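What you see is a predicted model, and the numbers here were worked out from it, not measured in a lab.
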Amino acid sequence: MSGRDDPPGARRAGQVKQVTSFSNPLVKDIKALIAQRKHRQKTGRFVAEGLKLATDALAAGWEVDMLAIGPEAHDSAATREVAATARARGATILEVSTAVLAAMTRRDNPQMVVGVYGQKTLSPGALRTAIAARPDAVWVALDQVRDPGNLGTIIRTADAVGAAGVILVGETTDPFAVEAVRATMGSLFHVPLARLSRDAFREIAQAWPGTVVGTHLKGSSDYRTIAYARPTLLLMGNEQSGLPEEMAQACSALARIPQAGQADSLNLAVATAVMLYEIRRADLAL
């Protein structure tokens, strides 16, 4: 004890706990965060596996609630640094066995660092402010995306091309599901996310000052011939049914990606990547 109060806004250093029991409440909490969307929604937290994601989260200033660290990670200087930084910010550090990590993550070969983080999404008001602040930006909107792997890959691609953020429209898969988080490869911590109803999205699209472009089977324009006025909003439909008519009507341009083979469509994440790289083509250089 120092005998003096902590300064306003200061966070006390977190605890270090050795956990050996599979029935420990903290282990059960992490298992529930991995397995149950309802638990993630209730607590506002999620799990991300691996040292890289822990490093990315800390560098981006995300809230770290817990880090579970396996025995093989103790010899890593990078892991020790991440654990010290997280603990200094108030995170609880769990020292666990490989068996506990495997049970926690339901993986035979688990990552030796498993983190619990606070969820972060833009409110509708914050989204409007962010859009107004970046008149040259490109945004991605996904209408009712269902597959967490697709969503995570699109977030990673949005990061790679320098998109301003990803807007989830309607009932979508959970971006904080472990499969989605894993597919982002850390980009989740760098790409702003927002959630909107279809009605709220259409209001934003109607007032959009640049191009709102969607991919659609009825699209009459080759995606390479469209003049993408900034800010650009790219709207993609879901994996099964594509972009519904009522959402297509929110677009100022409808694009098609030419195909030569027998496939009837492209994977959603692939099609989104093709579109994003074309829209951002003039901005990207080696």
S.K.: Can you tell me how far the OG atom of S265 sits from the CD atom of Q240, to the nearest 0.5 Å?
M.R.: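 Those atoms lie 10.5 Å apart.
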
S.K.: Any link between V114 and W62 through a network of hydrophobic side chains (Ile, Leu, Val, Met, Phe, Trp, Tyr) touching at under 4.5 Å?
M.R.: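 They do not share one cluster, since no chain of ILVMFWY contacts under 4.5 Å joins V114 to W62.
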
S.K.: Test T55 against every option in V113, T85, V82 by the side chain to side chain contact (heavy atoms under 4.5 Å, CB included) rule and name the one that passes.
M.R.: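 Answer to the side chain to side chain contact (heavy atoms under 4.5 Å, CB included) test with T55 among V113, T85, V82: V82.
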
S.K.: Does Q41 CD have over 12 foreign heavy atoms under 6.0 Å away?
M.R.: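 Yes.
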
S.K.: Using the rule given for side chain to side chain contact (heavy atoms under 4.5 Å, CB included), can you reason through L94 versus V16, listing the C-alpha separation, both sets of side-chain angles and the distance that settles it, and then say yes or no?
M.R.: CA-CA 6 Å; L94 308 181; V16 177; over 6 Å; no

S.K.: With a 4.5 Å heavy-atom cut-off, do V19 and E95 have their side chains touching?
M.R.: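 No. Closest side-chain heavy atoms not under 4.5 Å.
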
S.K.: Look at the side-chain heavy atoms of Ile, Leu, Val, Met, Phe, Trp and Tyr, link any pair under 4.5 Å apart, and say whether L234 and M247 land in one connected group.
M.R.: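 No; M247 is not reachable from L234 via cluster members.
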
S.K.: If you compare all heavy atoms of H39 against all heavy atoms of A32, which two are closest, and at what distance to 0.1 Å?
M.R.: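 H39 and A32 have their closest heavy atoms at CD2-CB, 3.4 Å.
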
S.K.: Check the hydrophobic clustering (I, L, V, M, F, W, Y; side-chain heavy atoms under 4.5 Å; chains of links allowed) and say if L276 and I226 are grouped together.
M.R.: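 In one cluster: yes.
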
S.K.: Does a side-chain heavy-atom distance below 4.5 Å link R89 with E63?
M.R.: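 R89 does not reach E63 side chain to side chain.
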
S.K.: Mind checking the CE-OG1 spacing from M185 to T157? Nearest 0.5 Å is all I need.
M.R.: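 Going from the CE atom of M185 to the OG1 atom of T157 covers 12.0 Å.
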
S.K.: Taking distance alone, no hydrogens or angles, what donor-acceptor pairs closer than 3.5 Å link side-chain atoms of residues 166-174 to residues at least two apart or in another chain?
M.R.:
residue : atom : partner : partner atom : Å
D174    : OD1  : F176    : N            : 2.9
D174    : OD2  : R40     : NE           : 2.7
D174    : OD2  : R40     : NH2          : 3.0

S.K.: Just wondering, do P231 and P209 contact through their side chains at under 4.5 Å, heavy atoms?
M.R.: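 Sidechains of P231 and P209: in contact.
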
S.K.: Under the salt bridge (charged side-chain N to carboxylate O under 4.0 Å, His left out) rule, collect the residues that match up with D147, sequence neighbours excluded.
M.R.: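 Once residues adjacent in sequence are excluded, D147 has no partner under the salt bridge (charged side-chain N to carboxylate O under 4.0 Å, His left out) criterion.
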
S.K.: Identify every side-chain donor-acceptor pair in residues 186-195 under 3.5 Å, counting partners at least two apart or on other chains, and give the distances.
M.R.:
residue : atom : partner : partner atom : Å
S187    : OG   : D159    : OD2          : 2.6
S187    : OG   : T184    : O            : 3.4

S.K.: Do R256 and T215 touch side chain to side chain, with heavy atoms closer than 4.5 Å?
M.R.: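 Not in contact.
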
S.K.: Is there a salt bridge (charged side-chain N to carboxylate O under 4.0 Å, His left out) between R182 and E179? Walk through the geometry before answering.
M.R.: CA-CA 5 Å; R182 190 180 297 145; E179 299 88 355; 6.0 Å; no

S.K.: Could you grab the distance from atom CG of L266 to atom CE of M275, nearest 0.5 Å is fine?
M.R.: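 Output value for this atom pair is 11.5 Å.
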
S.K.: Closest heavy-atom contact between A180 and P175?
M.R.: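 Heavy atoms of A180 and P175 come nearest at CB-O, 3.6 Å.
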
S.K.: Is a donor on one side and an acceptor on the other found under 3.5 Å between the side chain of E203 and the backbone of A207?
M.R.: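 No, E203 side chain to A207 backbone: no donor-acceptor pair under 3.5 Å.
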
S.K.: State, to 0.1 Å, how close A205 and V212 come at their nearest heavy-atom pair, and which atoms those are.
M.R.: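 So the two residues come closest at O-CG2, 3.9 Å.
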
S.K.: Hey, is the main chain of S23 close enough, under 3.5 Å, to the side chain of S21 for a donor-acceptor pair?
M.R.: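 Yes, because the side chain of S21 sits within donor-acceptor range (under 3.5 Å) of the backbone of S23.
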
S.K.: Got a sec, which pairs hit side-chain hydrogen bond (donor to acceptor under 3.5 Å, both in side chains) with one end in residues 117-144, sequence neighbours left out?
M.R.: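 As it turns out, the side-chain hydrogen bond (donor to acceptor under 3.5 Å, both in side chains) pairs with a partner in residues 117-144, which skip direct neighbours, are D143-R198.
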
S.K.: With a 4.5 Å limit on heavy-atom distance, are the side chains of L233 and V213 in contact?
M.R.: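 The answer is no; the side chains never approach within 4.5 Å.
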
S.K.: Hey, quick one: are I279 and W208 part of the same hydrophobic cluster, counting side-chain heavy atoms closer than 4.5 Å, chains of contacts allowed?
M.R.: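 Hydrophobic grouping puts I279 apart from W208.
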
S.K.: How long is the straight-line distance from CG of N150 back to CG of N238, given to the nearest 0.5 Å?
M.R.: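 Going from CG on N238 over to CG on N150, the span is 10.0 Å.
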
S.K.: Go through V27 and F22 one step at a time and tell me if the side chain to side chain contact (heavy atoms under 4.5 Å, CB included) criterion holds.
M.R.: CA-CA 7 Å; V27 173; F22 297 99; 5.5 Å; no

S.K.: How about Q18: does its CD atom have over 12 heavy atoms from other parts shown lying under 6.0 Å from it?
M.R.: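 12 or below, so no.
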
S.K.: Assess the residue pair Q36 and K31 against the criterion (side chain to side chain contact (heavy atoms under 4.5 Å, CB included)); give the C-alpha distance rounded to whole Å, side-chain angles, the decisive distance to 0.1 Å, and a yes or no.
M.R.: CA-CA 8 Å; Q36 302 171 19; K31 289 176 68 174; over 6 Å; no

S.K.: When you look at E245 and Q249, which way does the side chain to side chain contact (heavy atoms under 4.5 Å, CB included) test go after all the steps?
M.R.: CA-CA 6 Å; E245 192 61 36; Q249 290 176 2; 3.9 Å; yes

S.K.: Tell me whether I257 is reachable from V145 by hopping between hydrophobic residues (I, L, V, M, F, W, Y) whose side-chain heavy atoms are closer than 4.5 Å.
M.R.: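 Yes; I257 is reachable from V145 via cluster members.
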
S.K.: Which residue is it: I93, N24, L26? I am looking for the one with a side chain to side chain contact (heavy atoms under 4.5 Å, CB included) to K17.
M.R.: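 Per the side chain to side chain contact (heavy atoms under 4.5 Å, CB included) rule, the option paired with K17 is L26, out of I93, N24, L26.
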
S.K.: Which pairs would a plain distance check flag for residues 64-76, meaning a side-chain donor or acceptor within less than 3.5 Å of a matching protein atom at least two apart in sequence or in another chain?
M.R.:
residue : atom : partner : partner atom : Å
D65     : OD2  : R45     : NH1          : 2.9
S76     : OG   : A78     : N            : 3.4
S76     : OG   : T79     : N            : 3.1
S76     : OG   : T79     : OG1          : 3.1

S.K.: Do side-chain atoms of T211 reach the backbone of Y228 as a donor and acceptor pair under 3.5 angstrom?
M.R.: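 Looks like no, no N/O pair under 3.5 Å.
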
S.K.: How about V161 and Y277: do any of their side-chain heavy atoms sit closer than 4.5 Å?
M.R.: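 Yes, their side chains come closer than 4.5 Å.
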
S.K.: Does atom CD (Q206) have a neighbourhood of more than 12 heavy atoms from anything else shown, all under 6.0 Å?
M.R.: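 No, CD of Q206 has 12 or fewer neighbouring heavy atoms, counting only those of other groups under 6.0 Å.
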
S.K.: For a quick test of your reading: what N or O donor-acceptor pairs under 3.5 Å do the side chains of residues 97-107 make, sequence neighbours left out?
M.R.:
residue : atom : partner : partner atom : Å
S97     : OG   : V100    : N            : 3.1
T105    : OG1  : L101    : O            : 2.8
R107    : NH1  : E49     : OE1          : 3.0

S.K.: Looking only at non-hydrogen atoms, find the nearest pair between I154 and T272 and report the distance.
M.R.: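 That would be CD1-OG1, 3.7 Å.
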
S.K.: Would you name the heavy atoms of R230 and A137 that are closest together and state the gap between them?
M.R.: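 Shortest heavy-atom separation between R230 and A137 comes out as CD-O, 3.8 Å.
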
S.K.: Identify the heavy atoms of G214 and L243 that sit nearest to each other, and give their distance.
M.R.: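 Where G214 meets L243 most closely, the heavy atoms are CA-CD2, 4.1 Å.
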
